[in-house]
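Data block below; observations after.
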Amino acid sequence: MKKKKVPHTYVIIFGVILLCAFLTWIIPGGQYVEHIGDDGVKTMVYQSVERVPQTWEVFSCFFTGFVDKADIIIFILIIGGAFWIVNDSKAFDVGTMSFLRKARELESNRFIQKIGIDNIIIFCIMLIFSIFGAVFGMSEETIPFCMVFVPLAISMGYDSITGICMVFIAAGLGFAGAILNPFTIGIAQSLSGLPLFSGIEYRLFCWLVINVFGFAWILRYANKVKRCPTSSLVYEADNYWRQLHSNQSVSIEYYTPKGAWISYVVLAVAQIAFAIEYPTSTLKIGNAVFEHLPFIPILAVAFTISSYFLLRKTVHFYIMSLLFFTVFYLVIGVMGYGWYISEIATLFLVMGLFAGIANGRGPNELVELFLAGCKDIMSAALIVGLAGGIIVILQEGKIIDTILYKMAEGMEGLGQIATVSLMYAIQTFINLFMPSGSAKAALTMPIMAPFADLIGMSKQATVMAYQFGDAFTNLITPTSGILMGVLGVSHIPYEKWFRWSWKFILSLIILGLILLVPTVLVPLNGF
């Protein structure tokens with residue numbers, strides 16, 4: 001009997017587009033418009049509009065989706081090209097082997113032996129990315145790091161799903177906790193008329209609970225894969241990384257070409273110049289502002305000194321240091337200077353080019369390597385635009401606002417627990433089709449916050465319902481360009497990811513519902 005073939009990721013997404021197009025034929029059209037009352041208060045008023053059934057748009061939405069997601073698509077291509085140049089140097093292989101060798105030396109400690117050095121490594125990496133997600137809403141930034149930690153996970157005896165969990169899922173768990181996330185909590189509380197980042201004590205508690213649950217689930221899975229690698233759903237798909245690692249690990253020669261010193265001098269001079277231009281930085285962490293911090297001069301000095309000694313050993317260690325300093329500059333740029341995709345892509349492109357120069361590659365070779373990286377990552381970039389077509393169909397069909405309005409109607413006459421639960425369900429459902437946190441806050445919070453006031457429920461509970469509803473389904477919905485980008489660069493088919501993640505995501509959704517109950521039953525600070 002012929003084995004039934006699982007549909008390709010592209011086929012699955014196109015099927016979702018067809019389903020959404022069908023819904024535009026049966027769901028009435030509608031939209032929310034802003035209304036300013038005599039007292040100057042802004043409210044969102046629902047209006048019925050003519051239904052716009054989608055037909056041939058199921059094909060034209062691809063173009064619009066690509067245009068809408070162009071920033072992420074270009075970001076993925078640049079990242080892919082830059083990392084291919086870095087991979088050519090075999091620096092990741094040398095760095096991974098050195099890191100794991102040093103880690104194994106710690107296993108002589110009895111306490112570490114009991115816990116397991118690999119568990120400690122995975123936990124520490126996840127904790128860092130969870131903090132990033134909770135503090136500044138790290139999301140798109142996880143895409144390039146998957147290209148680092150997926151090969152690391154496989155080198156440690158795990159699989160690519162474990163590698164994604166170390167970065168993308170960990171940042172997503174932090175995003176759900178959203179201790180100081182300005183892109184979700186900041187916007188939602190502002191629209192609700194609440195003090196910025198108020199109620200932080202309970203959100204910090206939620207962040208801890210979500211991380212304990214999520215980390216435990218991931219570590220349990222990772223250990224299962226370590227014991228039996230073939231039990232992984234992506235065991236065959238991971239042959240890509242095993243083959244790539246095998247090809248790059250052959251006859252590694254330790255050397256330092258002249259180009260490495262040229263790369264070092266140019267970057268050192270540039271960083272010193274930037275340090276003179278920006279002697280201090282102002283970092284914003286939530287509502288707190290830290291001024292006059294000499295981060296850039298510190299990084300410039302640290303790079304200049306450390307890279308000199310690393311180059312005396314081998315160019316591989318120098319290129320790895322480029323990656324680490326790139327991460328440091330990324331954090332400072334995002335938190336201090338408002339960097340986003342264009343600046344981050346530029347940062348990684350510069351890293352890739354100077355890594356290639358350090359490896360002795362000429363201009364033509366750099367171009368060929370960059371194009372090879374773009375070619376390798378092209379399917380990941382294309383799938384982001386394809387997934388964007390789903391949102392285009394729903395928006396052009398004028399049914400997203402209708403769905404929200406009908407759901408909001410169902411909250412009337414319910415108790416507070418039922419109301420906050422339904423709000424959570426609405427936010428979770430809407431997030432499947434509208435993964436943008438800021439856009440969803442602008443649409444839903446002006447509707448739900450006043451309703452909370454009418455029934456005597458804390459508006460903070462409404463914000464928490466939005467916070468959880470905006471986060472968990474980001475990790476599974478095919479409309480998320482970030483998720484599709486992460487899966488693409490990690491070479492994981494969406495259907496494999498769905499099969500692995502749905503129970504985990506469902507458990508997180510249930511956990512979120514449990515954490516919402518105290519917001520309406522227990523007196524909490526800021527609520």
Side-chain angles (χ1 to χ4, degrees), residues 8-14 16-17 20 57-87 137-148 150 160 164 167-168 171-172 183 240 326 330 333-334 339-353 367 369-396 432-439 474-494 497:
H8 192 281
T9 302
Y10 284 39
V11 176
I12 294 174
I13 293 177
F14 185 63
V16 175
I17 289 175
C20 293
E57 289 88 354
V58 297
F59 299 107
S60 66
C61 71
F62 297 156
F63 178 84
T64 311
F66 274 86
V67 173
D68 184 56
K69 301 294 183 183
D71 53 350
I72 297 180
I73 293 172
I74 297 171
F75 178 69
I76 290 174
L77 291 174
I78 291 177
I79 294 299
F83 271 87
W84 197 266
I85 297 173
V86 175
N87 283 335
M138 187 179 207
S139 52
E140 290 91 346
E141 299 88 345
T142 59
I143 295 175
F145 291 106
C146 288
M147 302 182 71
V148 177
V150 165
S160 53
I164 283 185
V167 183
F168 175 68
F183 304 109
Y240 168 86
T326 297
L330 183 152
V334 170
W339 284 8
Y340 194 49
I341 286 182
S342 61
E343 293 86 358
I344 296 171
T346 303
L347 185 66
F348 278 98
L349 176 61
V350 170
M351 178 202 72
L353 292 177
V367 171
L369 287 169
F370 184 84
L371 292 177
C374 291
K375 180 181 178 181
D376 182 70
I377 212 72
M378 181 64 72
S379 62
L382 293 178
I383 206 168
V384 171
L386 183 62
I390 300 173
I391 301 174
V392 172
I393 289 291
L394 292 170
Q395 290 176 336
E396 295 299 319
L432 289 172
F433 305 99
M434 187 188 292
S436 172
S438 55
N474 282 338
L475 309 178
I476 197 171
T477 176
T479 62
S480 170
I482 300 166
L483 170 62
M484 304 314 292
V486 164
L487 295 180
V489 300
S490 304
H491 293 267
I492 296 177
Y494 175 76
W497 176 254

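These numbers come from the heavy atoms of this one structure, side chains and all, not from hydrogens, waters or symmetry mates.
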Is the shortest heavy-atom distance from the side chain of [X] to the side chain of [Y] under 4.5 Å?
| X | Y | result |
| --- | --- | --- |
| H491 | D376 | yes |
| F62 | I17 | yes |
| F75 | P144 | yes |
| I164 | I492 | yes |
| Y240 | V150 | no |
| K69 | I391 | yes |

Give me the atom names and distance for the closest heavy-atom approach of [X] to [Y].
| X | Y | answer |
| --- | --- | --- |
| L382 | Y10 | CB-OH, 3.3 Å |
| G352 | V86 | CA-CG2, 4.2 Å |
| L483 | N474 | CB-O, 3.9 Å |
| M138 | A171 | O-CB, 3.8 Å |
| I13 | P478 | CG1-CB, 4.4 Å |
| I390 | C20 | CG2-SG, 3.8 Å |

Sequence neighbours excluded, the answer for side-chain hydrogen bond (donor to acceptor under 3.5 Å, both in side chains) partners of T477 is T479
How many angstroms lie between [atom1] in [X] and [atom2] in [Y], if you round to the nearest 0.5 Å?
| X | Y | atom1 | atom2 | result |
| --- | --- | --- | --- | --- |
| C146 | I79 | SG | CD1 | 11.0 Å |
| I78 | I377 | CD1 | CD1 | 13.0 Å |
| D68 | C61 | CG | SG | 11.5 Å |
| T64 | Q395 | OG1 | CD | 10.0 Å |
| E140 | T142 | CD | OG1 | 8.0 Å |
| I73 | M378 | CD1 | CE | 10.0 Å |

*asked:* Applying side chain to side chain contact (heavy atoms under 4.5 Å, CB included) to L330 and W339, what does each step give before you reach the verdict?
replied: CA-CA 8 Å; L330 183 152; W339 284 8; 5.5 Å; no
Whether the side chain of [X] engages the backbone of [Y] through a donor-acceptor N/O pair (distance < 3.5 Å, no angle test) should be reported.
| X | Y | answer |
| --- | --- | --- |
| N87 | F83 | yes |
| S490 | L487 | no |
| Y494 | G488 | no |
| W497 | L475 | yes |

Sequence neighbours left out, cut at 3.5 Å: what donor-acceptor pairs do the side chains of residues 343-350 make with other protein atoms?
from: E343; atom 1: OE1; to: Y340; atom 2: N; distance (Å): 2.9
from: T346; atom 1: OG1; to: S342; atom 2: O; distance (Å): 2.8

